[in-house]
Amino acid sequence: MRYSQFMLPTLKEDPAEAEVISHKLMYRAGMIRKLAAGIYSYLPLGLRVIQKVERIIREEMNRAGAQEVLLPCIQPAELWMETQRWEEYGKDLLRMKDRHDRDCCFGPTHEEVITDIARREIRSYRQMPLNLYQIQTKFRDEIRPRFGLMRGREFIMKDAYSFDADEAGLEKSYQEMYKAYRRIFTRCGFTFKVVEAETGLIGGTASHEFMVLAQTGEETIVSCQSCDYAANIQKAEAKRTRPRAKGPGKTPNPLKKVETPDMKTVADVTKFLKVRPRDLVKTLIFETDQGVAAALIRGDREINQTKLGTHLGCEDVKLASDDVVLGATGASKGFAGPVGLSVKIIADYSIEPMVDFVTGANEQDAHYINVNLGRDVKVDQFADLQMVREGDLCPRCGKSLSFFRGIEVGHIFKLGTKYSKALKATYLDENGREREIVMGCYGIGVGRTAAAAIEQYHDEDGIIWPMPIAPFQAIVVPVNNKIAALMKTAEGIYRLLSSNGVEVLLDDRDSTPGVKFKDADLIGIPLRLTIGEKNLKKGLVEIRRRKNGETTLIEKDKVTETVSALIHEEMEASLQG
Ligand code: ATP
Ligand code: MG
């Protein structure tokens with residue numbers, strides 16, 4: 001490709017709204033342009049990267065035995081009503097009407113459509129295992145589209161769906177995808193972690209997220225320093241402290257109400273009563289789709305609402321409004337407590353060993369001291385509700401847990417029979433019995449993967465593409481277009497490399513070397529071949545590696561073999577991770 005004929009509108013300035021480096025650099029490198037919030041056009045350079053990522057995904061999905069399909073973007077509402085998701089999906093689902101006034105939507109995901117195919121086509125256990133995937137445009141009307149391709153509203157996703165006769169089959173399909181995903185992200189050149197993720201209400205038995213490690217990541221990853229335990233913070237557990245054996249003679253003190261005028265926070269109350277935050281039990285009132293519930297947790301810890309929702313089996317869990325708190329406890333926020341409370345009480349395991357603790361008294365400006373479980377408080381259920389903290393102990397090995405930031409590029413999920421049940425996708429087993437198909441689903445954000453690569457690989461001059469997903473592998477830069485010999489050599493090298501299968505860009509623009517070098521760095525091409533007058537007189541060409549700035553001089557007629565060797569080396573290096 002010749003730069004002069006290639007649409008590559010690089011910019012010196014960062015776009016005003018870009019918050020993260022990948023967004024800034026994709027814009028400045030002329031890869032994308034914004035049409036509307038979360039909706040982008042891919043310019044030629046951007047599309048080349050997207051297609052590289054897609055090629056790696058295709059190769060690995062095909063290798064794992066999955067077959068490519070292409071499903072419709074526009075989907076009829078009826079299908080979504082069958083799974084209840086027409087109501088449940090909420091505002092992320094872009095709904096529209098056709099000319100006959102029929103409701104439809106732009107697919108944010110394709111469980112309904114693929115299960116509809118399965119229920120029509122799969123009759124017998126002999127037709128499984130089956131794994132179908134597509135690479136296609138999704139639309140999710142995200143409440144906060146941001147970070148460019150990282151969280152768009154319209155975006156390209158690879159989604160795959162597996163169909164098996166039973167759980168054991170699903171387990172095998174899931175492991176195949178797990179391995180394929182590892183290969184995909186390794187081949188893209190990432191440093192990543194696979195973490196356990198929340199399965200939530202989809203009711204699956206397992207889910208893993210593939211996280212690219214980056215400071216700007218939206219996700220918090222909890223990872224053991226010693227063993228391979230890693231989980232999304234929403235799912236992460238910590239080793240539980242055992243209930244303390246009550247020493248002989250340690251009888252609980254009598255319950256006592258004390259005045260705590262205007263003291264609503266843990267800090268205020270504990271300071272006033274001269275106790276530690278961990279000697280207090282916080283009572284948080286939640287509104288859920290099953291009514292009002294109270295969650296108890298030690299004063300120095302926080303509730304993980306996702307865990308609470310999963311425990312209760314509720315989609316929607318939110319902190320109660322002032323009115324609801326008043327109605328449920330008889331007092332304003334800050335004075336709620338479990339003594340005499342009539343709503344369902346779920347307590348975090350952390351309070352199990354506590355004796356003589358402090359709680360709100362469900363009365364304005366009052367708290368109880370010497371509260372004890374059993375005698376004063378009737379807990380309905382104990383559960384793990386706490387948000388894990390850095391330094392907590394690993395639930396597997398007991399060593400310390402650390403936190404990382406990550407970008408979720410892939411997500412695999414055991415669905416079980418949720419969709420086959422709703423859509424009646426059944427098959428006949430060996431004994432002629434009708435059974436529900438067991439499903440899994442597997443997603444990768446293609447644009448987010450490209451963006452994540454930039455988050456992980458860049459410097460102050462621009463992008464540093466890992467070789468496997470670089471839009472071009474090499475760029476040939478003649479430093480002065482006015483010198484015929486330079487241009488001729490550059491053209492010759494460009495043609496030779498191209499005919500040897502190297503993806504090469506020739507910077508044939510009539511610009512200063514400074515401008516050409518800056519652009520080459522900005523767009524992040526791994527190898528730069530500089531054709532300069534002085535070197536050329538000695539029959540030499542300079543090769544510079546973008547990733548470390550290393551330059552070497554090579555003989556003009558060794559260019560192809562040297563470039564091929566370096567490409568090979570960098571491809572291999574990214575495979576080693
Ligand atoms: P997130 O928690 O980031 O919203 P998700 O759990 O909704 O992601 P999935 O439904 O599992 O995502 O979709 C599969 C993959 O699609 C994700 O792992 C991610 O890489 C990508 N993806 C999801 N939403 C977006 C988006 N708004 N923009 C770009 N990529 C996305
Ligand atoms: Mg989402």
Side-chain angles (χ1 to χ4, degrees), residues 20 22-23 26 32 34 36-40 42 46 49-50 53-54 56-57 61 85 88-94 106-114 133-161 174 177-178 180-182 184-185 188 190 192-202 204 206-212 214 216-221 231-235 306 315 405-415 418-419 439-456:
V20 294
S22 60
H23 189 191
M26 278 197 177
I32 56 167
K34 179 170 154 182
I39 303 181
Y40 290 87
Y42 306 91
V49 175
I50 295 290
V53 173
E54 290 179 352
I56 292 173
I57 293 174
M61 292 304 290
R85 286 215 289 185
E88 283 170 9
Y89 212 95
K91 289 197 165 177
D92 273 15
L93 187 65
L94 180 66
F106 195 109
T109 178
H110 279 68
E111 283 81 10
E112 278 79 3
V113 174
I114 202 84
Y133 78 97
Q134 64 169 343
I135 297 178
Q136 187 242 26
T137 298
K138 304 275 187 265
F139 194 95
R140 293 182 183 178
D141 208 349
E142 300 270 359
I143 187 161
R144 233 150 74 79
R146 56 186 184 154
F147 305 159
L149 298 192
M150 200 76 89
R151 184 170 294 284
R153 294 197 294 157
E154 182 178 307
F155 59 97
I156 303 171
M157 193 201 286
K158 186 286 297 179
D159 45 329
Y161 305 88
Y174 190 82
M177 285 295 105
Y178 186 100
Y181 272 46
R182 284 204 79 104
I184 289 165
F185 296 119
C188 287
F190 284 127
F192 66 97
K193 264 187 196 292
V194 192
V195 308
E196 290 177 17
E198 188 50 66
T199 46
L201 290 178
I202 297 188
S207 168
H208 288 88
E209 288 165 343
F210 290 72
M211 299 279 199
V212 168
T216 49
E218 290 183 287
E219 310 286 332
T220 302
I221 301 168
N232 188 310
I233 182 102
Q234 300 306 338
K235 161 94 178 171
T306 309
E315 189 99 43
R405 304 296 300 173
I407 300 166
E408 179 203 319
V409 286
H411 195 175
I412 60 175
F413 220 110
K414 289 187 188 169
L415 289 172
K418 171 170 168 140
Y419 293 94
M439 292 173 55
C441 71
Y442 316 91
I444 293 179
V446 177
R448 190 182 285 184
T449 298
I454 299 177
E455 291 296 329
Q456 209 163 62

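Both backbone and side-chain heavy atoms feed into the values below; hydrogens, waters and symmetry mates do not. Just follow the structure's listing: the first ligand is 1, and inside any ligand the first atom is 1.
Using cut-offs of 30° and 60° on the angle between ring planes, the pair Phe185 and Phe190 is tilted. Aromatic ring orientation, Phe192 versus Phe210: tilted (interplanar angle from 30° to 60°).
The residues Glu111 and Arg85 are annotated as salt-bridged, a charged nitrogen and a carboxylate oxygen being separated by less than 4.0 angstrom. The pair Glu218-Arg146 meets the salt-bridge criterion, since a charged nitrogen lies less than 4.0 angstrom from a carboxylate oxygen.
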Output block, N or O contacts of ligand 1, threshold 3.5 Å exclusive:
| unit_1 | atom_1 | unit_2 | atom_2 | d |
| --- | --- | --- | --- | --- |
| ligand 1 | 3 (O) | Arg151 | NH2 | 2.8 |
| ligand 1 | 3 (O) | Arg448 | NH1 | 2.9 |
| ligand 1 | 3 (O) | Arg448 | NH2 | 3.1 |
| ligand 1 | 4 (O) | Arg151 | NH1 | 2.9 |
| ligand 1 | 4 (O) | Arg151 | NH2 | 3.4 |
| ligand 1 | 7 (O) | Arg140 | NH1 | 3.0 |
| ligand 1 | 10 (O) | Arg140 | NH1 | 3.0 |
| ligand 1 | 10 (O) | Arg140 | NH2 | 2.9 |
| ligand 1 | 11 (O) | His411 | ND1 | 3.0 |
| ligand 1 | 18 (O) | Glu408 | OE2 | 2.6 |
| ligand 1 | 20 (O) | Glu408 | O | 3.2 |
| ligand 1 | 20 (O) | Val409 | O | 3.0 |
| ligand 1 | 20 (O) | Gly445 | N | 3.1 |
| ligand 1 | 27 (N) | Glu142 | OE2 | 2.8 |
| ligand 1 | 27 (N) | Gly152 | O | 2.8 |
| ligand 1 | 28 (N) | Gly152 | N | 3.0 |

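Residues that satisfy the ring pair (Phe, Tyr, Trp, His ring centres under 6.0 Å) test with His110, not counting sequence neighbours, are absent from this structure.
Closest approach of Tyr174 and Phe413 over heavy atoms only: CE1-N, 3.6 Å.
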